[in-house]
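In what follows, a single structure is set out as structure tokens and then discussed.
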Amino acid sequence: MLLAGSIEVYLPAASGGRGKRLDVFEAGRTFGEMGFIDGSARSADVVALEPCTYRALDRNLYERMGRERPAI
């Protein structure tokens, strides 16, 4: 989860450089969750547009939350 700052989300170009810009995320948004949840390959890249603060959820905490608070 992005706590402060902003990031640009983009699809990589076939040539390996930056490709199509998809969106800009501001504080409060989450990113990277689909690959984390279902193990799929990453579909987009992100680049910080300014200094950012974020909180990462690791697999152990995710599984513990699922057991202890399944409604989340």
Side-chain angles (χ1 to χ4, degrees):
M1 173 174 274
L2 189 60
L3 301 176
S6 60
I7 58 171
E8 175 185 39
V9 182
Y10 67 94
L11 291 175
S15 62
R18 257 191 211 184
K20 181 180 178 183
R21 178 176 162 170
L22 299 176
D23 207 346
V24 172
F25 288 179
E26 304 288 334
R29 296 284 304 266
T30 61
F31 59 97
E33 65 277 358
M34 291 311 300
F36 181 83
I37 291 170
D38 68 10
S40 62
R42 209 178 65 234
S43 60
D45 292 330
V46 297
V47 172
L49 297 175
E50 60 187 303
C52 294
T53 304
Y54 65 93
R55 182 69 184 208
L57 179 65
D58 68 26
R59 177 68 51 195
N60 289 334
L61 179 55
Y62 175 75
E63 290 174 358
R64 191 176 99 213
M65 286 173 51
R67 287 190 306 274
E68 295 174 4
R69 306 216 31 210
I72 291 177

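Heads up: numbering here begins at 1 and tracks the sequence.
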ask   = Which residues pass the ring pair (Phe, Tyr, Trp, His ring centres under 6.0 Å) test with Phe31, sequence neighbours left out?
value = none

query = Who are the side chain to side chain donor-acceptor pair (under 3.5 Å) partners of Asp45, not counting sequence neighbours?
reply = Arg42

query = Under a single-linkage definition using a 4.5 Å side-chain heavy-atom cutoff for Ile, Leu, Val, Met, Phe, Trp and Tyr, are Met65 and Met1 assigned to the same hydrophobic cluster?
reply = no

message = Please enumerate all residues that pass side chain to side chain donor-acceptor pair (under 3.5 Å) together with Ser43, with sequence neighbours excluded.
response = none

key: Test side chain to side chain donor-acceptor pair (under 3.5 Å) applied to Glu8 - qualifying residues, sequence neighbours left out   = Arg18

request  = Apply side chain to side chain contact (heavy atoms under 4.5 Å, CB included) to Ser40 and list each qualifying residue two or more places apart in sequence or on a separate chain.
outcome  = Asp38

note = Heavy-atom closest pair (Ile37 atom, Tyr62 atom, distance to 0.1 Å) is CG1-OH, 3.8 Å

ask   = Out of curiosity, does Phe25 fall in the hydrophobic cluster containing Leu3 (side-chain heavy atoms, cut-off under 4.5 Å, transitive links)?
value = no

Smallest separation among heavy atoms of Ser6 and Cys52, with atom names = O-SG, 3.4 Å

ask   = From Ile7 CD1 over to Glu26 CD, what is the distance, rounded to the nearest 0.5 angstrom?
value = 9.5 Å

ask   = What about Val24 and Leu22, same hydrophobic cluster or not, with Ile/Leu/Val/Met/Phe/Trp/Tyr joined at side-chain heavy-atom distances under 4.5 Å?
value = no

request  = Please answer: with hydrophobic residues joined when any side-chain heavy atoms are less than 4.5 Å apart, are Leu2 and Leu57 in the same cluster?
outcome  = no

query = So which pairs with a foot in residues 46-67 pass salt bridge (Lys or Arg N to Asp or Glu O under 4.0 Å), sequence neighbours left out?
reply = Arg64-Glu68

